[in-house]
Amino acid sequence: MVQRVAQEAAVAVTRFSLLGCGMALTWLMQSHAAVLPQERADAMYHSYSGGGVSIDGPSILLRKQIGNSVSVSANYYVDTISGASIDVLATASPYAEKRTEHTVGLDYVRNKTLMNVSYTSSDENDFNATTYSLGVSQDFFGDLTTLSLGYSKGSDEVGKRGDESFSEQAERHNYRLGLTQVISKNFIVGLSLENIADQGYLNNPYRAVRFLEPESERGFRYETEAYPNTRTSNAAALTANYYLPYRASIYAEARLFSDTWGIEADTYKVGYIHTFGDDWIVELRARHYSQSKADFYQDLYQRSEEFNFRARDKEMSTFSNLSLGFSVSYELRFSASAWLKKSSINLDFDHVAFDYQDFRNVLADAPVGDEPFYAFSANITRLYLSVFY
Amino acid sequence: MQLRTFPCKSVGRMLLFAALALLNIACASIEPWVQPYERDNLADPIMATNRNPVATSYTHHAYQAREGARGAEGGAGGGCGCN
């Protein structure tokens, strides 16, 4: 009977949802008006340095409006990777690599509806990925509420250096729902939900698990990881921005995550943005992230191929990190009638400390399985010039 | 002990009609409680969830590559109907 009640409740909820969606769509059709993103150009130098790895490169973003209802954008982004993380040091040699990413997008506004489509391609010598995205957002209830829906489809082609015959594929579908609500003239909140479903080869071909092998020199050996070939995840984030009585604001964000691999994660972020005169904007922020391990993660297996699925990728382990960061922006304003309206130079910096709770540092001199847990810190820097026209 | 059968179907319908009625009332009578001329603060760039898209997308990428969680980053987007 409980089952029947549940079924009937589900039917009622489904009908309600369908009608609710119908009404929402009617509002979407009736109401009017969104705004195209601001025309701007950004040139950024980015750098990540930590855990033995350095990644840096440029990113250029251009956005231009065509007529009153269309805006186009293009982004060129490069990662130059050098050094060796602990995973690489344990199983392979340091390497240098380059990743290039191109994105083109188009936004179209009609009354209160904003639509966008974009295409991204990312190329490395052993990994190619393409993503198609589309989204629609709509303001309603006197422009106090914005509802947005999005979908992306990604395809990966995974190769492996030194193994020409290695070729695997993976596919990804992202479904996004966002709701932004103006609460008062100083307070705005947002809710966003995202479901991501992957299918295909989801391993990193260079990562390996270790298992006990008493006869080997170090007491353990490595073998290839084996992940399930499907993964579905759900994430929900709640954000709030509040304008203070002087020209400053505070914000907070909480995100919950879970997936079918058994990973559960929480992210909390708070920030304070302060202005000095009309020209300077300073932001201070803190972010904390923690996650539980994937069901099939283990730092040390008892024997080769102990389980069907095996992982020792530290991103699959139990860990947390804390980031502390700041941003400084200096703005130059020009005449409203000039071609160039505003320009800004910006520096963003974050220091992140990672603490692993079941990923051991195999480089430490200790008995197998008793090595200290790994920890490292990294600096993330972004220096960029923006012009608004 | 036998559980009493809960008239879920009728309650479901009643809830549905009540919700639709409320939504219709809300739709017909809702007045924006923040007027367009009161949105200066909301339109200030310091209130934007994605003030600098080029830096924001890079930052998300930097975290996503090193964490198991993914998705629902950077707020819901959308704005306050200002500009």
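In what follows, chains are A, B, ... by sequence order, proteins preceding strands, each numbered from 1. Note that these values count all heavy atoms, side chains included, but never hydrogens, waters or copies made by symmetry.
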Contact origin within [X] toward chain B - heavy atom pairs under 4.5 Å:
X	result
Tyr384(A)	side chain
Thr275(A)	side chain
Ser317(A)	neither
Tyr77(A)	side chain
Arg382(A)	side chain
Asn321(A)	side chain
Asp79(A)	side chain
Val189(A)	neither
Ile380(A)	side chain
Asp348(A)	side chain
Phe354(A)	side chain
Ala265(A)	side chain

Exercise for the section: Would you mind checking which part of Ala69(B) comes under 4.5 Å of any heavy atom in chain A, side chain (CB onward), backbone (N, CA, C, O), both or neither? Expected result: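 For Ala69(B), the contact with chain A is made by backbone and side chain together.
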Exercise for the section: Under 4.5 Å heavy-atom distance to chain A, tell me which part of Asp40(B) shows up: side chain, backbone, both or neither. Expected result: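 For Asp40(B), no heavy atom lies under 4.5 Å from chain A.
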Handout entry: Expected output: side-chain Trp33(B) to main-chain Ile183(A) donor-acceptor under 3.5 Å
Key =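 Yes, the answer is positive, given that a donor and an acceptor are paired below the 3.5 Å cut-off.
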Practice task
Validate the cation-pi geometry between Arg66(B) and Tyr48(A): distance from NZ or CZ to the six-membered ring centre under 6.0 Å, angle to the ring axis within 45°.
Solution key: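 Ring-cation test returns yes.
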In Å and rounded to the nearest 0.5 Å, what is the [atom1] to [atom2] distance from [X] to [Y]?
X	Y	atom1	atom2	result
Leu42(B)	Ile188(A)	CG	CD1	5.5 Å
Tyr58(B)	Ile55(A)	OH	CD1	6.5 Å
Asn41(B)	Tyr242(A)	CG	OH	9.5 Å
Asp44(B)	Ile273(A)	CG	CD1	9.0 Å
Ile46(B)	Ser329(A)	CD1	OG	11.5 Å
Glu67(B)	Glu315(A)	CD	CD	9.0 Å

Practice task
Using a cut-off of under 4.5 Å on heavy-atom pairs, state which of Glu38(B), Met47(B), His61(B) scores highest against chain A.
Solution key: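 So the answer, after comparing Glu38(B), Met47(B), His61(B), is Met47(B).
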Practice task
For Asp198(A) and Arg70(B), run salt bridge (charged side-chain N to carboxylate O under 4.0 Å, His left out): C-alpha distance rounded to whole Å, both residues' side-chain angles, the deciding distance at 0.1 Å, then the answer.
Solution key: CA-CA 12 Å; Asp198(A) 297 86; Arg70(B) 57 193 190 164; 2.5 Å; yes
Out of [options], which one racks up the most heavy-atom pairs below 4.5 Å with chain B?
options	result
Met316(A), Arg247(A), Glu283(A)	Arg247(A)
Arg176(A), Arg63(A), Arg231(A), Met44(A)	Arg231(A)
Ile281(A), Asn75(A), Asn174(A), Asn195(A)	Ile281(A)
Ala240(A), Ala236(A), Ser184(A), Ser327(A)	Ser184(A)
Gly51(A), Ser249(A), Gly150(A), Pro37(A)	Ser249(A)

Handout entry: Distance-only donor-acceptor check, side chains Tyr63(B) and Ser323(A), under 3.5 Å
Key =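 Their side chains do contain a donor-acceptor pair, which is all the 3.5 Å distance test asks for.
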Fill in the blank from the handout: Asn241(A) and Ala48(B) have their tightest heavy-atom pair at ND2-O, 4.3 Å
Exercise for the section: Please name the pair of heavy atoms, one in Ala237(A) and one in Ala72(B), separated by the smallest distance, quoted to 0.1 Å. Expected result: CB-O, 3.3 Å
Problem - Flag if over 12 foreign heavy atoms under 6.0 Å of NZ, Lys342(A) - result: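 For Lys342(A), atom NZ is crowded (more than 12 foreign heavy atoms under 6.0 Å).
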Problem - Results of salt bridge (Lys or Arg N to Asp or Glu O under 4.0 Å) for Lys314(A) - residues two or more places apart only - result: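 Lys314(A) satisfies salt bridge (Lys or Arg N to Asp or Glu O under 4.0 Å) with Asp87(A) once adjacent residues are dropped.
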